[in-house]
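As structure tokens, the structure follows; a few thoughts come after it.
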Protein chains: 2
Amino acid sequence: MKISTKGRYAVRVMLDLAANNTGECIKVKQIAERQGISEKYLEQIISILNRAGYVKSVRGAQGGYRIAKDPKNYTIGMILRLTEGSLSPVACLDGDVNECERCDTCETLSVWKDLADAIDNVVDNVTIADLLEKQQARLGAMAYMI
Amino acid sequence: MKISTKGRYAVRVMLDLAANNTGECIKVKQIAERQGISEKYLEQIISILNRAGYVKSVRGAQGGYRIAKDPKNYTIGMILRLTEGSLSPVACLDGDVNECERCDTCETLSVWKDLADAIDNVVDNVTIADLLEKQQARLGAMAYMI
DNA sequence: TTATTTCATACTATGTCAATAGGTTTTGGT
DNA sequence: ACCAAAACCTATTGACATAGTATGAAATAA
């Protein structure tokens with residue numbers, strides 16, 4: 001019942017790109033350093049985000065990545081589903097075909113449905129913009145402490 | 001982000017024991033047959049429930065299992081945590097020690113906290129008695145359809 | 001004493017996770 | 001034209017978890 005590093009790192013990448021979005025290209029190396037994540041592993045994760053169009057890449061020297069749209073367009077749910085696959089707690093709820101022949105008489109299924117709804121409700125109502133805002137509020141508060 | 005068969009089967013075992021609780025001992029073989037689960041695998045799962053005192057066992061011939069207390073005493077959350085371990089979506093939230101040194105500045109942590117709360121809120125508010133009630137309501141409705 | 005049942009432990013095949021490794025391609029700067 | 005920097009691509013790896021099987025020991029009612 002754990003979210004893997006892939007999903008968690010993907011969220012942090014999106015937040016990092018949003019927080020450091022100056023219009024310049026951001027290199028994987030920079031993100032890896034800031035986030036303390038293996039550069040090569042990050043490469044794979046960011047390529048998923050790239051193929052989905054969540055980030056835009058520029059190849060070659062001076063290349064790198066930029067967040068594609070405004071951070072408010074990206075929910076945590078979108079990013080997790082993209083990188084992790086389905087967030088539903090049981091396979092029975094995946095896809096439109098219910099291959100389990102016990103589904104009709106399966107009392108536990110309603111619990112898993114409620115659980116899936118609860119999970120969706122959280123992750124689909126937080127955006128990268130929300131996280132960014134919090135981060136900047138914290139950094140602002142920190143500035144007064146110097 | 002999936003619940004494993006161990007946890008799901010454990011819930012079904014508890015429900016089965018509750019539904020078929022006549023005071024007589026219920027054998028692993030019977031549960032396995034009713035639930036369509038491997039007998040040997042079930043043995044391992046029920047032994048976890050037994051060691052935790054959720055079920056009572058009687059050894060030897062004519063032995064078997066009985067649910068220990070009234071079904072309303074067992075939430076899905078209890079059963080899942082016992083068999084699956086922690087239900088929190090990230091390791092950062094497990095235990096009292098936060099070994100991650102980024103926790104102070106980790107904006108995503110609040111999302112995982114909300115997610116953990118949402119999950120807990122579902123699984124801790126459904127009991128085996130609730131599932132049993134639903135099952136019996138359905139079986140009652142079925143009887144009229146004959 | 002025997003059949004039935006729980007109890008305990010070891011084993012196995014498969015898959016996933018979290019990387020690491022080793023390249024190829026693209027491109028700006030010189 | 002060349003070089004270095006960067007993205008891009010694919011294969012491989014070691015560790016671990018999952019979902020069982022397999023084998024047998026211990027307990028007990030009949």
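Below, all heavy atoms of this structure are taken into account, side chains as well, without hydrogens, waters or symmetry copies. Proteins get letters first, then strands, A, B, ... in listed order; numbering begins at 1 in each.
Candidate nucleotides C:dA19, D:dC8, C:dT9 were compared by shortest atom distance to the side chain of B:Gln44, and C:dT9 ranks first. The side chain of A:Arg59 lies closest to C:dT25 when the candidates are C:dT25, C:dC7, D:dC9. Picking from D:dA7, C:dC7, C:dA10 the nucleotide with the shortest atom distance to the side chain of B:Asn50 gives C:dC7. Of the candidates D:dA19, C:dT6, D:dT28, D:dT28 carries the atom nearest the B:Ala61 side chain, counting heavy atoms from C-beta on. Taking the side chain of A:Glu43 as heavy atoms from C-beta on, and the options C:dT6, D:dA7, C:dC17, the nearest nucleotide is D:dA7.
Of the residues near DNA chain C, A:Glu84 and B:Gly60, the one whose nearest nucleotide (by heavy atom distance) lies more toward the 5' end is B:Gly60. Mapping B:Gln62 and B:Glu39 onto DNA chain D via the closest heavy atom, the residue that lands nearer the 5' end is B:Glu39.
For the OP1/OP2 pair of C:dT5 and a distance below 4.0 Å, the side-chain nitrogens and oxygens of B:Tyr65 include no atom meeting the criterion. Residue B:Ser47 places no side-chain N or O under 4.0 Å from the OP1 or OP2 atom of C:dA8. OP1 and OP2 of D:dT18 both lie 4.0 Å or more from every side-chain N or O belonging to B:Thr5. Of the side-chain N and O atoms in A:Tyr41, none sit less than 4.0 angstrom from OP1 or OP2 of C:dC17. For A:Ser38 and C:dA18, the shortest distance from a side-chain N or O to OP1 or OP2 is not below 4.0 Å. Taking 4.0 angstrom as the limit, A:Ser4 places none of its side-chain polar atoms (N or O) nearer than this to OP1 or OP2 of C:dT16.
Across the protein-nucleic acid pair, A:Lys29 atom NZ and D:dA4 atom C1' stand 12 Å apart, rounded to whole Å. Atom C1' of nucleotide C:dT27 and atom NZ of A:Lys27 are separated by 12 Å, given to the nearest angstrom. Spacing between atom CD1 of A:Ile45 and atom C1' of C:dA19 amounts to 10 Å, rounded to whole angstrom units. As rounded to whole Å, 12 Å separates atom P of D:dA19 from atom CD1 of B:Ile48. Separating the CZ atom of B:Arg51 from the C1' atom of C:dC7 is a distance of 9 Å, rounded to the nearest angstrom. Distance CD1 (A:Ile31) to P (D:dA6): 12 Å, rounded to an integer number of Å. With rounding to whole Å, A:Leu42 atom CG is found 14 Å from D:dC8 atom C1'. What separates NZ of B:Lys2 from C1' of D:dA17 is a distance of 16 Å, to the nearest Å.
Considering only heavy atoms from C-beta on, A:Leu109 comes within 4.5 Å of A:Cys92 through its side chain.
As judged by a 4.0 angstrom heavy-atom cut-off over every strand, A:Lys40 is placed among the base-contacting residues.
Considering B:Thr127, B:Ile128, B:Leu132 as possible partners of B:Asp130, the one that fulfils the side-chain contact (heavy atoms from CB on, under 4.5 Å) test is B:Thr127.
Residue pairs meeting the ring pair (Phe, Tyr, Trp, His ring centres under 6.0 Å) criterion with at least one member in residues 116-137 of chain B, sequence neighbours excluded, do not occur.
The environment of A:Lys27 atom NZ is dense: over 12 non-hydrogen atoms of other residues, nucleotides or ligands sit within 6.0 angstrom.
The closest side-chain donor-acceptor pair between A:Asn121 and A:Asn125 falls under 3.5 angstrom.
Ionic pairing of B:Glu107 and A:Arg138 is present here: one or more N-O contacts between side-chain nitrogen and carboxylate oxygen are shorter than 4.0 angstrom.
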